[in-house]
There are 2 protein chains.
Amino acid sequence: MKRRRGVVLADAILQAAADELVESGYAGLTMEAVARRAGTNKNAVYRRWPGKAALGIAAYGRLADAATDVPDTGSLREDVLELLRRVNRQFSSPLGAVQRDLLAAAAAEADLLAGLRAASADAGSRLWLGVLERAVTRGEAPASALHPRVATVAVVLLRNEYVVRGAQTAPDDVLVEIVDEVYLPLVRGRAALHASADPADDRGRDEEDRPDHEQPEQALDRQADDRQHQPHHQ
Amino acid sequence: MKRRRGVVLADAILQAAADELVESGYAGLTMEAVARRAGTNKNAVYRRWPGKAALGIAAYGRLADAATDVPDTGSLREDVLELLRRVNRQFSSPLGAVQRDLLAAAAAEADLLAGLRAASADAGSRLWLGVLERAVTRGEAPASALHPRVATVAVVLLRNEYVVRGAQTAPDDVLVEIVDEVYLPLVRGRAALHASADPADDRGRDEEDRPDHEQPEQALDRQADDRQHQPHHQ
DNA sequence: TTTTTAGGGTACGTGCCGTACCCTATCGGC
DNA sequence: GCCGATAGGGTACGGCACGTACCCTAAAAA
C-alpha cells in the first residue's frame, strides 16, 4: 500500500481540516476527526502543527484563498456598497463563522493571530484602499482620505454588527446606513475640512512620523508593520 | 457545619466564578474549580446554570457593574478622547479579555448573546450619544450627528483594534488617530454637508484644544522595530 | 544494501463536561 | 417542636477530546 509523505500528506491533512471546519465549525473541529478524514493519524498532524488552533488557522488559510474581487462601477458609493455587500455575504456564510471563531480562539496567543491576519485581514485593507484610491483619481474623494483607518471604516462597522448581534446576516439597510451615515460623510467631510484650508489637522505629530499623503502602498506597509510588542517597563 | 442555601449560595457561586474568570480567563474557567472555590460542588452549579457559557455570562454581569462615568471637559475632542482612553483601559484589563472571550463564546448561541448585551453593550451607546449631545448643545456638532452609528464609531474602531491585534493594549496614538482622523472629521464633515460648507467656526477651537505632542514613551513605541517572527513552519 | 527518516496503528494519561446516586442539613407547614 | 419536602454536599461515572508515547514498517537517502 502506498504511503503518502511530506507535502502530499500535509496537503491531505489541511484539506481534511478545512472540510471539517466548514462542516462542524471550529468548535467541532477535532484532531481525531481530521486525522481520520485524511486517512492518517494524529501523529502526522501533531508533527506539523502544535495544536488545534494552529491547524485551524492553517486550514482557514486554504479556505480564504478564494479572493474577493473588487467592484468597479465608477461611483464611490456604489463601489463601497457593493463591496460591503460581498463582505456581508462572506461574513454570514459558514466561512465567516469560522473566521470569527478563529479570531476569538487566536486572541489568546499572539503568534497565532499573526498567522491569521496574514491569511485575511491585511488583504482586506488593500481592497478598500484600492476602491478609495480610484475614487480619489476620479475626484470623488480627497487624497487625505487615503488612510487605512478611514478606508476600512465601513467593513469594521459591519464586523461590529456581527460581534454585537451574532451570526445573523446583517440586513441590507444596515449596510446602506453605514455607507450613507458614516462612510460617505466621513470621506466627504474630510474633503470639506481640507478644502476650507484648515490643515492644522495634520500638523505637529503627523509631519514627522506619519505622513498623510504618502503613496497608498506605503500606507499599507505601514499598517502591516504597525504591530508592536508592549515594552512593559513601569 | 452551616449549609448555605438559595440566594446566598448562588451569590457565592457567582462570586467564585467571577474570581476564576479574572484569574484564568474564560478559556480556563472550569465548573469544578468554580464549585471548589465556592465551597460547594458542581451539583449546585448545574442546578442554576445549564452550562459553562451561561455561568460565565452571569458572572460577567457581576463584574461589569462598575459603571464608567462620562467625562465632561467642555470640549468634544477631549471628551471623546478621554472616554476612549477609559474604554481602552477597560478593554485591556482582565475584564476586557473576559468580555471578548465571552462575546466569542456567546456568538454561537443567540440567547446567551442577548444576556450579554444587556450587561454591557447597550449602555455604551447611551454614553456616547450623551457626549455627542452635549457637543451639539455647545454648537460643536450638528444635530444630524446624533445617530447611534455615528456616535459609537470611535469605540467600535477601538474594539476592532483588539479583534485584529489581540489583547495588547492599544497605544495612545491609535486612540488619537481614531479621534482625529475618523471621529472628528466624521462629525464635522456632516456639519459641512448639512450646514452647506462653512466649517470656519471650527477652526479656532481646533487649535486651542489640540495638544501638539504626545507622550514620549508612546512615540518611541511607535518606532519599535519588530519584524514578523515566523509562525511555526508549514 | 544499509541507514535514516517519517507515517501508521494504537494505547494511555489527563482534564473537563455533564449526569446520576445517595446522604443529610435546612426550611416550611403542621 | 416534629416531619416531610426541598436543596446542598460528596462522590463516582461515562464520555470525549487533547496531547504524548511506543512500536512497527514503508519509503527515501546514503
Any side-chain donor-acceptor pair under 3.5 Å between B:D11 and B:Q15?
no
Close residues, residues 18-33 of chain A, relative to DNA chain D [heavy-atom separation under 4.0 Å]
A:L29, A:T30, A:M31, A:E32
Do the charged groups of A:E161 and B:R149 touch, with an N to O distance under 4.0 Å?
yes
What's the CD1-C1' distance between A:I13 and C:dG8, to the nearest Å?
12 Å
Could you check which residues of residues 42-55 of chain B get a heavy atom under 4.0 Å from DNA chain D? Sort them by number, please.
B:N43, B:R47, B:R48
B:N43: side chain to side chain contact (heavy atoms under 4.5 Å, CB included) partners, not counting sequence neighbours
B:N41, B:R47
How many whole angstroms separate atom CG of B:N41 from atom C1' of C:dT19?
12 Å
Applied to residues 23-32 of chain A, the salt bridge (Lys or Arg N to Asp or Glu O under 4.0 Å) test, sequence neighbours excluded, yields A:E23-A:R37, A:E32-A:K42
What residues form a salt bridge (charged side-chain N to carboxylate O under 4.0 Å, His left out) with A:E78, not counting sequence neighbours?
none
Would you compute the distance between atom CD1 of A:I13 and atom CG of A:L55 and round it to the nearest 0.5 angstrom?
8.0 Å
Mind checking salt bridge (charged side-chain N to carboxylate O under 4.0 Å, His left out) for A:R36 and listing every partner two or more places apart, or none if nothing turns up?
none
I'd like to know if the side chain of B:Y162 pairs up with that of B:N88 as donor and acceptor (distance under 3.5 Å, no hydrogens or angles considered).
yes
